[in-house]
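This report concerns only the one structure given below.
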Amino acid sequence: MTLSVTRIGKTFVGEVAGIDLSKPLDADTVQQIKQAWWDHSILVFRDQDLTQEQHVAFSQNFGELQGHTVKDWLLPTHPEILVLSNRGRGGVKPLENGGAYWHSDITYEAVPPMGSILHGLTVPPEGGDTLYADMYAAYEALDDQTKALVDDAVAIHNYKHRYMLMAEGGKRPDPTEQQLAEWVDVEHPVVLRHPDSGRKALFVNEGFTVSIKGLGKDESNALLARLYEHSVRPDFVYAHAWRPHDIVMWDNRCTMHSATPYDAESYERTMHRTTIKGTPFQHQAAA
Ligand code: SIN
């Protein structure tokens with residue numbers, strides 16, 4: 001079969017029609033999905049009422065899956081699935097405001113994931129969209145002076161800063177000794193070269209990037225603030241309004257995302273996410 005993909009964002013995001021993700025996929029179809037993923041960075045599939053097993057099986061077409069440093073959010077029956085639910089479904093702790101800030105997933109690890117696949121099980125009738133930013137477009141729109149400044153720069157990422165902000169706001173329990181020991185600084189290029197598309201993408205995010213290596217605190221903060229503001233200009237952003245059983249898969253190396261508010265007292269929002277392991281980054285300068 002030939003995959004039908006329609007561009008629905010300004011610079012990225014493809015909606016894929018005519019495919020049932022609950023069924024095993026042949027190698028040719030998987031290859032077409034991969035190519036569409038590299039071409040559009042984000043793929044949207046509507047009306048895919050997948051079981052947990054089917055969600056995991058579909059995700060495994062793209063690589064090995066990984067869990068999360070906070071084990072409380074992993075589904076006990078399928079620890080490859082991270083549950084983002086304000087009602088704490090499946091024996092998992094409720095997660096208020098999970099991912100409601102601009103970030104790429106798990107960039108605080110030495111090898112961040114290549115992508116994530118989110119299944120909207122129960123979605124509120126209004127609000128609770130997910131915003132996505134195109135980090136290729138953000139990089140390409142930088143002026144030459146800023147490109148020269150960031151092209152060879154290295155950033156430090158760490159989860160501790162973000163977690164403590166949420167813990168201090170009462171949104172997370174105090175971290176355990178083990179978590180604190182795991183959350184060490186890691187380094188990533190500020191601009192990476194995508195291993196499949198060959199394009200350059202900006203790779204800093206408000207969630208987990210803490211500084212630019214070699215710059216003083218004020219200079220680093222000012223540059224990061226400027227890059228964050230630039231990256232989420234409306235031209236580079238797609239807002240996904242969820243319908244039940246949408247599947248959205250994003251390439252974590254060239255996009256950021258942020259969940260948006262909704263009335264969590266009145267409505268349930270339950271999402272299941274699988275996360276696909278990545279490979280070490282190439283610096284943008286590498287061929
Ligand atoms: C996430 O940050 O992975 C989840 C985003 C969402 O819940 O919309």
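Numbers for residues simply follow the sequence, beginning at 1.
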Side-chain touch V111/K277, heavy atoms, less than 4.5 angstrom: no
Looking at CD1 of I81 and OG1 of T274, how far apart are the two atoms once the value is rounded to the nearest 0.5 Å? 7.0 Å
Between the NE2 atom in H157 and the OG atom in S211, the distance rounded to the nearest 0.5 Å is 9.0 Å
Which atom pair, heavy atoms only, marks the closest approach of A239 to L131? CB-CD2, 3.5 Å
Could you tell me whether the side chains of T270 and E268 share a donor-acceptor contact shorter than 3.5 Å? yes
Answer whether the closest heavy-atom distance between the side chains of I106 and P112 falls below 4.5 Å. no
Would you check, one step at a time, whether the test ring-ring contact (aromatic ring centres under 6.0 Å, His included) holds for W102 with Y228? CA-CA 9 Å; W102 281 106; Y228 298 152; over 10 Å; no
Has S22 got a side-chain atom pairing as donor or acceptor with Q48's backbone, closer than 3.5 angstrom? no
Between H230 and A138, is there a donor-acceptor pair closer than 3.5 Å when you use the side chain of the first and the backbone of the second? yes
Evaluate the side-chain proximity of L75 to R89: yes if any heavy-atom separation is below 4.5 Å, no if none is. no
Any side-chain donor paired with an acceptor under 3.5 Å for Y132 and S41? no
For Q31 and Q35, which I'm curious about, is there any donor-acceptor pair between the side chains at under 3.5 Å? no
Neighbour count above 12 (heavy atom, 6.0 Å) for D143 CG: yes
Say whether F203 and I156 are linked into one hydrophobic cluster, either directly or through other cluster members, by side-chain heavy-atom distances under 4.5 angstrom. no
Do V186 and V154 share a hydrophobic cluster (ILVMFWY, side-chain heavy atoms under 4.5 Å, transitive)? no
Compute whether any side-chain donor of one residue and acceptor of the other, for T146 and R226, lie under 3.5 angstrom apart. yes
So V16 and I33, do their side chains get closer than 4.5 Å, heavy atoms only? no
Exactly one candidate in D129, T260, D246, T130 meets side chain to side chain donor-acceptor pair (under 3.5 Å) with H240; the answer is D246
Interatomic distance, CG@L227 vs CD@E206, rounded to 0.5 Å, equals 11.5 Å
With side chains defined as the heavy atoms from C-beta onward, is the minimum distance between D235 and T11 less than 4.5 Å? no
Let me check something: do L149 and V191 share a hydrophobic cluster, defined by ILVMFWY side-chain heavy atoms less than 4.5 Å apart, either directly or through other members? yes
Taking atom types as modelled, is there a side-chain donor on Y139 or D151 under 3.5 Å from an acceptor on the other? yes
H194 (side chain) donor-acceptor with D196 (main chain) under 3.5 angstrom: yes
For residues L202 and M135, determine if any side-chain heavy atom of one lies less than 4.5 Å from a side-chain heavy atom of the other. yes
Atom pair NE2/OG1 of H272 and T122 - distance to nearest 0.5 Å: 8.5 Å
Considering all heavy atoms of both residues, which atom of K147 and which atom of E140 are nearest to each other, and what is their separation? NZ-O, 3.3 Å
Passes side-chain contact (heavy atoms from CB on, under 4.5 Å), H103 versus M256? Steps please. CA-CA 5 Å; H103 65 287; M256 288 198 297; over 6 Å; no
Over-ring placement of K10 relative to Y238, 6.0 Å and 45° cut-offs: no
Let's go through I42 and D251 carefully: what are the C-alpha distance in whole Å and the side-chain angles of both, what is the deciding distance for side-chain contact (heavy atoms from CB on, under 4.5 Å) to 0.1 Å, and is it a yes or a no? CA-CA 6 Å; I42 292 179; D251 187 325; over 6 Å; no
With heavy-atom distances below 4.5 Å as the criterion, would you say the side chains of K160 and Y108 are in contact? no
Going by heavy atoms in the side chains, are E53 and H78 under 4.5 Å from each other? yes
Using a distance-only test with no angle check, is there a side-chain donor-acceptor pair under 3.5 angstrom linking H68 and T275? no
Neighbour count above 12 (heavy atom, 6.0 Å) for K71 NZ: yes
What distance separates L43 CG from F12 CZ, expressed to the nearest 0.5 Å? 11.5 Å
Test your reading of the model: is there a side-chain donor-acceptor pair from R162 to the backbone of M166, 3.5 Å cut-off? no
Between L21 and L50, what is the shortest heavy-atom contact and its length? C-CD2, 3.7 Å
Looking only at heavy atoms, which two atoms of Q54 and D49 are closest? And how far apart? OE1-O, 4.1 Å
Spell out, yes or no, whether L121 and W250 are grouped together once hydrophobic residues are joined by side-chain heavy atoms under 4.5 Å, including indirect joins. no
Take atom CZ in R243; do more than 12 heavy atoms of anything else shown fall under 6.0 Å from it? no
Residues A155 and V204: closest non-hydrogen pair is CB-CG1, 4.0 Å
Can D105 and H257 be counted as having a side-chain donor-acceptor contact under 3.5 angstrom? yes
Could you tell me whether a side-chain N or O of R273 sits under 3.5 Å from a main-chain N or O of L118, the two making a donor and an acceptor? no
So, N86 side chain and Y267 main chain: donor-acceptor pair closer than 3.5 Å or not? yes
Please answer whether the main-chain N or O of G128 pairs with a side-chain N or O of R269 as donor and acceptor at a distance below 3.5 Å. yes
Is a side-chain donor or acceptor of H188 paired with a backbone partner of T209 at a separation under 3.5 angstrom? no
Donor-acceptor check, side chain of E15 to backbone of I8, threshold 3.5 angstrom: yes or no? no
Applying side-chain contact (heavy atoms from CB on, under 4.5 Å), run through V190 and L223 and close with a yes or a no. CA-CA 11 Å; V190 171; L223 178 55; over 6 Å; no
State yes or no: do V210 and F208 share one hydrophobic cluster built from I, L, V, M, F, W and Y residues joined by side-chain heavy-atom distances below 4.5 Å, directly or via other members? no
Could you grab the distance from atom CD of Q179 to atom OH of Y163, nearest 0.5 Å is fine? 5.0 Å
Heavy-atom closest contact (P76 atom, G91 atom, distance): CG-O, 4.4 Å
